[in-house]
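Keep in mind that this is a model prediction, so the values were computed, not measured. Start at 1 and go down the list; that is how both ligands and their atoms are numbered.
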Amino acid sequence: MPNVAATIVSRLQAIVGDAHVLTAPADVEAYVNDWRGRYRGTTRAVVRPGTTQQVSQVAAACADANVALVPQGGNTGMCGAATPDASGDEVVLSLVRMRAIRGVDAANATITVEAGVTLAAVQEAAAQAGLLFPLSLGSEGSCTIGGNLSTNAGGTAVLRYGNARNLVLGIEVVLADGRIWNGLRGLRKDNTGYDLKQLFIGSEGTLGIVTAAVLELFAAPRTRVTALAAVADVAHAVALLCAMKQALGDRLVGFELVSGIALQLSRKHHPDLPDPLPGHPWYALLQVDDSAADAPLAALVEGALAEAVGDGVAVDATIAQSHEQAQRLWALRDNISEAQRREGPNIKHDISVPISAIPAFVDDTAAATADAFPGAQLVVFGHLGDGNLHYNVAAPPGVEAQAFLARTAQVNRLVHARVVAAAGSISAEHGIGQLKRAELAHYKPPLELELMRRVKAALDPHGLLNPGKVL
Ligand code: FAD
Ligand code: MLT
Ligand code: ZN
């Protein structure tokens, strides 16, 4: 008689139907690679349940058969957290068929959505109700709410609205043993003990499977200004950020830093995009919103930027004159990742340090990198308003990109040592996955690691949820 693990595929077929259990190599191909092309695994099967009940039955069957599950949403993650290992034993649990918007409660300013709804679809549903769901990422057309919550995604509006975890009021989770925890509450105040939903948010599929969530909505912006400023260096970018916060208050939604090198890389691969302030070493991209339709926002931003240029804080600035121009400025910024992917592999860091420490961090790390890896190319950009930079290191000209990856551990230590010295974090928004597991073990205090392991053991005692990720 075949053992239970060997019969898991037929048990999964019985739960979700044959059409939603993929096993042929061509069918599973898109689920066993990551977006950056850094990881490749194999899988026993990809199962695509359509309801919370089916997710529950899938988890229970896998627990019974001692088969590990790898939850997956849009598969846009940056740390290999949704890629199965090479054993061929793990089952990929794709949530993409769970894409119902269960309801909008306009008076409560909440939306209840299933895990597989794309971020763009949630934004669209909120807009149709005259409200705003503010989470915003370059990957929003493909990434899912389940993935956003499980990675505690950040993006370009954190400065004003916070990370994904700040936008969640309730959550529905399937546990490792298949039981369903319905925590779909729409409450802004609830002090009835531990806030369990926050345990699952940011746990990268290692503690439970998110099947639905109640998300908080906000007043929709009726006036928006997008501006690009050129600055002499990162210290001036931080000074500009302080000046804009002072002048604009919480109308300042996003403040992104882009190096001249990163901007030109984006244009190299998207030559149709503009170059409105050519030839500067650093740029800041600002988004300013107001929920009042008649707010004199353009004049306010123009005045604040003119003052910054007059004071020598910024060198030059330009304001988008149309929605299309604004979109093209954002495309310059949002396409950097895609441009880097086309250039070939690079060593990516997603770091945060206190905003005040960013200029010294950037100068010191650039000097140390130049010393240790002469000619290495830095592609630096990110969410300066949150103290979060993507500090990417690519091979020197003439060195094969793949060969440079052999230096990853040394490059990581060089960058992360400076992050830790500045009281920062080695993962600001992308998570740990498999990419930064060794770095986490190296830098996280032993007591914190022990507490994390105890939480993992309590919720997933047999280690069947996304093994080999995070811890
Ligand atoms: P996946 O990649 O499928 O999975 C990510 C992790 O979540 C894995 O650990 C997986 O196991 C787990 N998971 C997925 N769904 C569930 C579920 N339902 N239940 C439990 N676990 C689950 N990230 C940012 O934070 N900020 C950015 O600005 C940003 N910009 C990006 C731009 C581009 C062009 C790209 C390609 C990516 C970007 N990302 C960014 C990274 C990525 O989009 C986010 O991490 C996103 O939240 C991942 O969502 P996903 O649905 O693709 O998740
Ligand atoms: C971004 O801010 O564009 C993303 O986090 C993706 C990346 O770092 O490549
Ligand atoms: Zn980012």
Side-chain angles (χ1 to χ4, degrees), residues 30-31 33-37 39 49 52 55 59 68-84 90 92-96 98 113-119 135-158 163-165 171-176 200-213 254 256-258 262 266 285 330 333-341 346 348-352 379-384 386 388-392 427-435 465-470:
Y31 301 84
N33 301 297
D34 73 318
W35 187 85
R36 292 180 66 215
Y39 295 98
T52 302
V55 175
L69 280 173
V70 180
Q72 191 178 97
N75 201 14
T76 65
M78 291 280 163
C79 301
T83 311
E90 297 182 343
V92 174
L93 171 57
S94 169
L95 280 299
V96 292
M98 290 195 58
V113 300
E114 293 188 343
V117 181
T118 63
L119 174 54
L135 191 68
S136 181
L137 318 181
S139 55
E140 61 203 21
S142 317
C143 66
T144 62
I145 285 298
N148 299 152
L149 268 50
S150 301
T151 56
N152 183 27
T156 53
V158 173
N163 297 303
R165 73 165 75 253
I171 196 168
E172 181 187 80
V173 180
V174 170
L175 302 179
F200 295 100
I201 298 171
S203 71
E204 301 182 51
T206 63
L207 299 182
I209 303 149
V210 178
T211 46
E256 298 284 304
L257 180 74
V258 180
S266 179
L285 179 62
W330 270 108
R333 156 65 183 91
D334 281 339
N335 287 338
I336 298 171
S337 281
E338 172 63 30
Q340 280 209 284
R341 181 165 78 155
N346 66 85
K348 186 177 248 318
H349 305 96
D350 163 41
I351 62 96
S352 64
V379 180
V380 179
F381 62 97
H383 318 286
L384 183 66
D386 320 325
N388 171 198
L389 292 184
H390 302 306
Y391 197 94
N392 303 325
S427 175
E429 60 171 7
H430 292 162
I432 299 297
Q434 37 186 322
L435 181 69
L465 289 180
N466 219 0
K469 314 292 166 45
V470 184

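No other N/O/S atom of Glu429 lies as close to the Zn ion (ligand 3) as OE2 does.
Contacts between Lys469 and ligand 1, counted as non-hydrogen atom pairs separated by less than 4.0 Å, are absent for every part of the residue. Contacts between His383 and ligand 1 below 4.0 angstrom, taking non-hydrogen atoms only, involve the side chain exclusively. Residue Thr76 touches ligand 1 through backbone and side chain together, judged by heavy-atom distances below 4.0 Å. Here Ala115 has side-chain heavy atoms under 4.0 Å from ligand 1, and that is the only part of it that gets that close. Counting heavy atoms under 4.0 Å from ligand 1, residue Asn466 touches it through the side chain alone.
In terms of protein heavy atoms, atom 3 (O) of ligand 2 is closest to Arg333 NH1, 3.1 Å. For atom 8 (O) of ligand 2, the closest non-hydrogen atom on the protein side is Lys348 NZ, 2.9 Å. Protein heavy atom nearest atom 7 (C) of ligand 2, with residue, atom name and distance: Ser337 OG, 3.0 Å. In terms of protein heavy-atom proximity, atom 5 (O) of ligand 2 is nearest to His430 NE2, 2.7 Å.
Rounded to the nearest 0.5 Å, atoms CG (Leu285) and CG (Leu384) are 12.0 Å apart. Rounded to the nearest 0.5 angstrom, Phe200 CZ and Arg165 CZ are separated by 12.5 Å.
Not one N or O of Ile209 is nearer than 3.5 Å to an N or O of ligand 1, by distance alone. Taking distance alone, with nitrogen or oxygen atoms compared against 3.5 Å, Gln72 stays at or beyond that limit from ligand 1. Residue Gly154 places at least one N or O, backbone or side chain, under 3.5 Å from an N or O of ligand 1. Considering both main-chain and side-chain atoms, Ser142 never comes within under 3.5 Å of ligand 1 through any nitrogen or oxygen pair. By the 3.5 Å distance cut-off applied to N or O atoms, Asp334 is not counted among the residues near ligand 1. For a threshold of 3.5 Å applied to N or O pairs, the pair formed by Val210 and ligand 1 contains at least one separation below that value.
Scanning Thr206, Thr144, Leu137 for the heavy atom closest to atom 51 (O) of ligand 1 points to Thr144. One option in Ser139, Ser337, Gly433 has a heavy atom closer to atom 43 (O) of ligand 1 than any other, and that option is Ser139. Among Gly205, Pro71, Gly116, the residue whose heavy atom sits closest to atom 10 (C) of ligand 1 is Pro71. Here atom 9 (O) of ligand 1 lies nearest to Glu204 when heavy atoms of Glu204, His430, Gln340, Arg36 are compared. Remark: among candidates Gly431, Ser150, Ala82, Gly208, the nearest residue to atom 17 (C) of ligand 1 is Ser150, based on non-hydrogen atoms.
Among the backbone and side-chain atoms of His430, none of the N, O or S atoms lies under 2.8 Å from the Zn ion (ligand 3). Taking backbone and side chain together, Asp350 holds no N, O or S atom under 2.8 Å from the Zn ion (ligand 3).
Under 3.5 Å, the side chains of Asn75 and Asp34 contain no donor-acceptor pair of N or O atoms. Looking at Thr52 and Glu172, their side chains do bring a donor and an acceptor atom within 3.5 Å of each other. In this model, no donor atom of one side chain and acceptor atom of the other lie less than 3.5 Å apart for His390 and Gln340.
Within the listing of ligand 1, atoms 18 (N) sit less than 4.0 angstrom from a heavy atom of Leu95. Below 4.0 Å from some heavy atom of Ala153 lie the following atoms of ligand 1, by number and element: 25 (O), 47 (O). Every atom of ligand 1 with a heavy atom of Met78 under 4.0 Å away is listed here by number and element: 35 (C), 36 (C), 37 (C), 38 (C), 41 (C).
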Decide side-chain hydrogen bond (donor to acceptor under 3.5 Å, both in side chains) for Ser94 and Gln72; before the verdict, give the C-alpha distance in whole Å, the side-chain angles of both, and the deciding distance to 0.1 Å.
-> CA-CA 5 Å; Ser94 169; Gln72 191 178 97; 5.2 Å; no
Verify salt bridge (Lys or Arg N to Asp or Glu O under 4.0 Å) between Glu204 and Lys469, making sure each step is shown before the conclusion.
-> CA-CA 8 Å; Glu204 301 182 51; Lys469 314 292 166 45; over 6 Å; no
